Protein chains: 2
Amino acid sequence: MARTPNDTREKVYRFVRDRLLAGRSPSVREVQQAMGFKAVESARSHLSKLVEAGRLTKADGQARGYGLPGRVGDRSARVPLLGRVQAGALTEALETPDGWVITWARPGATLFALRVRGESMSGVGIMPDDVVIVRRQPRAEEGDVVVAMVEGEATVKTLRFVDGGVVLHAENPAFAPIIPAADALTLLGKVVEVRRFLDLDWLPAWPS
Amino acid sequence: MARTPNDTREKVYRFVRDRLLAGRSPSVREVQQAMGFKAVESARSHLSKLVEAGRLTKADGQARGYGLPGRVGDRSARVPLLGRVQAGALTEALETPDGWVITWARPGATLFALRVRGESMSGVGIMPDDVVIVRRQPRAEEGDVVVAMVEGEATVKTLRFVDGGVVLHAENPAFAPIIPAADALTLLGKVVEVRRFLDLDWLPAWPS
DNA sequence: GTCGAATGCAGACAAATGTCTGCCTTTGGT
DNA sequence: ACCAAAGGCAGACATTTGTCTGCATTCGAC
C-alpha cells in the first residue's frame, strides 16, 4: 500500500474542513504544503477521493472550490436588520438596514430582523436587545409570536383570539394585553427565530 | 466623469457583499459579467477602489480573495451542532455533528454549538432546546455564561468566583449552584450566542 | 515471490484568475 | 473652450490554481 497508513486521508480531510469552517476553501497546493507532500498530485488525489466518498464537495472549474457537503452556503440567506419600523416605512427601511443577519434560507419567504425593546416577552425568553427574525405574513395562528404594528409602532407579542377578537398578549405579568381596534392592527409577520449575542467584543458593529 | 453615475460603484459593492454573505468571494470576471462590463478592468478598478475605501478586504495573491472588512464578518462560518458532549469526546463529536449552524465568523476562534437541556438558565432567557454557540477557550471571566464539563456531562451555567473557588451558578432559583472540585471541572468555552427556532416547520431537519 | 492497488513523486500543461498598459469617452470645474 | 479626473474598453501578460501523464515505492493478497 502506501508509505504512510490511512491516517493521511484523515489529516487531509481535517485540514480542509477546518479551513472551510474558518471561512474559505484552501487551494490544492495549500493542502500539499500543509501535509508536507512533495508533489501537488498527492494532495489532489486525496481531495478527489474525499469528494468521491461524499465527504467534501467541489465547485468544478472554480479556484478554491471545495466545500462541505449538504447545504453549505447555497441555502444560507442574509436578512436585513431593521431598527424600528414605522407603519408604511417597512419597505423603505429595507433599503437602509442597520446591518445583516445570516440564517438558513426559507425558500419563498421574505425575512427581516428586528431588535427587541422592552421586557414584555421575557417570560418566553425573549429579552431586551435580542434580535428576532421575522417572516412576513399577513396572518398568523393562535399562540404564534408575531410582530404587529399598533399605533405606528412595531411590537413583539403573542397572538391570541378572545371572543372573536385579537389580543396581543405580553409574556410578562407586568404588561397588560393589548386589544387593538380591528382596523388599527397590521400584522407584519411571525417570529421564526430569536438570537442573542453575549460576546459583544466580537460584534463591535453590525456588518453593513 | 463616468458614463453612468456613481451608482455603479454601489452595485458592484452590493453584488460582492451578497456573494460573500452567501458563502464565497466572486472572481473579478464574475463581477464583470454580473455588472455587464465589457472589460475585466472595469470590474477590477471598482473592486480596488472599494478595497481602498475600506469597504472590502482582499487577500492578496489569492483567487477569489475578497472579503468584508472588520473583525466581524470577514465571512460567515458554519458551526457544528453537537448533541451532548462527553469529556474527551469533543474532538470526535466534531466528526459527526448533528447539523450545522450559520453565524458570523470569529477569525481565529473555534466555535461549536450545543442544544440546551433543562430550565436551569431560564432566568437569562436561555430556554430548553435553545441552541448555544460556544467559543472554545480554557478560561473565562466572572459572569460569563460558559459551557463546562462536570462529571462527564456538558452543562451551561454562569461562571462565578466565590472565596477563590469556582461556582457554576444556575440562573433559576430552583437549581442549586454547582461547586465542582478544582480538578473535576473542564471549561469547554464561553457562550457567545443564543438561538431559538420558533418555526420548526421550516426546519424539518438539521442541515447536514 | 508476483501481482495489483494505493500512495507518492516529478514534471508538464491548461484553465481560471489577477494585474498591467494604453487609449477613449464622459463629466465637472475653471 | 479647455483640462483633469473618473469610468470604461481592449488586449496582453503573469500568477495562481486545477488537472493530466508517467513512473517509482510500498505492502497486502494470492
Side-chain angles (χ1 to χ4, degrees), chain A residues 1-20 22-69 72-73, chain B residues 1-20 22-69 74-75:
Chain A
M1 292 290 245
R3 288 173 181 162
T4 52
N6 208 323
D7 310 324
T8 311
R9 175 77 35 91
E10 208 56 31
K11 286 182 183 171
V12 170
Y13 170 70
R14 291 196 187 188
F15 174 74
V16 176
R17 183 203 61 190
D18 290 349
R19 292 290 295 268
L20 286 170
R24 89 174 51 182
S25 167
S27 69
V28 178
R29 279 171 179 81
E30 282 177 350
V31 177
Q32 171 201 348
Q33 290 176 27
M35 291 298 109
F37 289 134
K38 297 300 177 57
V40 209
E41 183 56 19
S42 310
R44 207 199 66 79
S45 68
H46 278 288
L47 287 171
S48 61
K49 288 284 173 56
L50 284 166
V51 172
E52 197 178 312
R55 304 184 66 189
L56 292 177
T57 64
K58 183 174 180 315
D60 219 70
Q62 287 193 354
R64 300 170 178 271
Y66 289 95
L68 291 171
V72 187
Chain B
M1 292 290 247
R3 286 170 182 163
T4 51
N6 210 324
D7 309 325
T8 311
R9 175 77 36 92
E10 208 55 30
K11 286 182 183 172
V12 171
Y13 170 69
R14 289 197 186 189
F15 174 76
V16 176
R17 184 200 59 190
D18 290 352
R19 293 288 298 267
L20 285 169
R24 92 171 57 190
S25 167
S27 69
V28 177
R29 279 171 180 80
E30 281 176 349
V31 176
Q32 172 202 347
Q33 289 176 29
M35 291 299 108
F37 289 135
K38 297 300 177 60
V40 210
E41 183 56 19
S42 308
R44 207 200 66 80
S45 69
H46 277 290
L47 288 171
S48 61
K49 288 284 173 57
L50 284 166
V51 172
E52 197 179 311
R55 303 183 67 188
L56 293 177
T57 64
K58 183 174 180 314
D60 219 70
Q62 287 192 354
R64 299 168 177 274
Y66 289 95
L68 291 172
D74 269 42
R75 54 197 66 244

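Note that the structure is a prediction, hence the values are computed from the model and not measured. Heavy atoms only: backbone and side chains are in, while hydrogens, waters and symmetry mates are out. Residue numbers start from 1 in every chain, and the chains themselves are labelled A, B, ... in the order their sequence lines are given, proteins ahead of strands.
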> Specify the separation, in whole Å, of atom CD of A:Gln32 and atom C1' of D:dT16.
13 Å
> Once you round to the nearest 0.5 Å, how far does CG of A:Leu20 lie from CZ of A:Phe15?
9.5 Å
> Which whole-number value in Å describes the distance from A:Met35 CE to C:dT7 P?
15 Å
> Taking CD from B:Glu10 and C1' from D:dG7, how many angstroms apart are they, rounded to a whole number?
16 Å
> Can you tell me the distance, in whole Å, between the CZ atom of A:Arg44 and the P atom of D:dG22?
15 Å
> In whole angstrom, give the distance that lies between atom NZ of A:Lys38 and atom P of C:dA10.
7 Å
> Give the rounded distance in Å between these two atoms: CZ of A:Phe37 and P of D:dA24.
21 Å
> Quick one: list whatever passes salt bridge (charged side-chain N to carboxylate O under 4.0 Å, His left out) with B:Lys58, sequence neighbours left out.
B:Asp60
> For a quick test of reading the model: is some side-chain N or O of A:Lys58 closer than 4.0 Å to OP1 or OP2 of D:dT19?
yes
> Specify the residue among B:Ser45 and B:Gly61 whose closest nucleotide of DNA chain D lies further upstream toward the 5′ end.
B:Ser45
> I want to verify a distance call: between C:dG18, D:dG8, C:dA10, whose nearest atom is closest to the B:Val28 side chain?
C:dG18
> Contact class for A:Ser27 (heavy atom, under 4.0 Å): base, sugar-phosphate, or nothing?
sugar-phosphate
> Just to verify, what does A:Ala59 make a side-chain contact (heavy atoms from CB on, under 4.5 Å) with, not counting sequence neighbours?
A:Gln62, B:Arg24
> Nearest to the side chain of B:Tyr66 - D:dT17, C:dT19, D:dC9?
C:dT19
> Sort and list the pairs that fulfil side chain to side chain donor-acceptor pair (under 3.5 Å) and have at least one residue in residues 32-41 of chain B, not counting sequence neighbours.
B:Glu41-B:Arg44
> Nearest whole angstrom, please: distance from the P of D:dA6 to the CG of B:Leu50.
15 Å
> Base, sugar-phosphate, or nothing for A:Arg64, non-hydrogen atoms under 4.0 angstrom?
sugar-phosphate
> Does B:Glu41 or B:Ala63 map to a spot on DNA chain C nearer the 5' end, using the closest nucleotide for each?
B:Ala63
> Under 3.5 Å, which protein N or O atoms sit close to an N or O of nucleotides 12-14 of chain C? Give each pair with its distance.
none

> Taking only side-chain nitrogens and oxygens of A:His46, does any of them come within less than 4.0 Å of OP1 or OP2 of C:dA6?
no
> Quick one: B:Arg9 CZ to D:dG8 C1', roughly how many Å, whole number?
12 Å
> Quick check on C:dA6: is either OP1 or OP2 less than 4.0 Å from any side-chain nitrogen or oxygen of A:Lys49?
no
> What's the spacing between B:Arg64 CZ and B:Glu30 CD if we round to 0.5 Å?
4.0 Å
> Name all pairs fulfilling the ring-ring contact (aromatic ring centres under 6.0 Å, His included) condition that reach into residues 41-64 of chain A, sequence neighbours left out, sorted by first residue then second.
A:Phe37-A:His46
> Going by the rule side-chain contact (heavy atoms from CB on, under 4.5 Å), which residues pair with A:Ala39 if we only count those two or more places apart in sequence or in a different chain?
A:Ser42
> Working note: B:Leu50 + B:Val16, criterion side chain to side chain contact (heavy atoms under 4.5 Å, CB included); need CA distance, chi angles, decisive distance, verdict.
CA-CA 10 Å; B:Leu50 284 166; B:Val16 176; 5.6 Å; no
> Counting only side-chain nitrogens and oxygens, does A:Ser42 get under 4.0 Å of the OP1 or OP2 atom of C:dC9?
yes
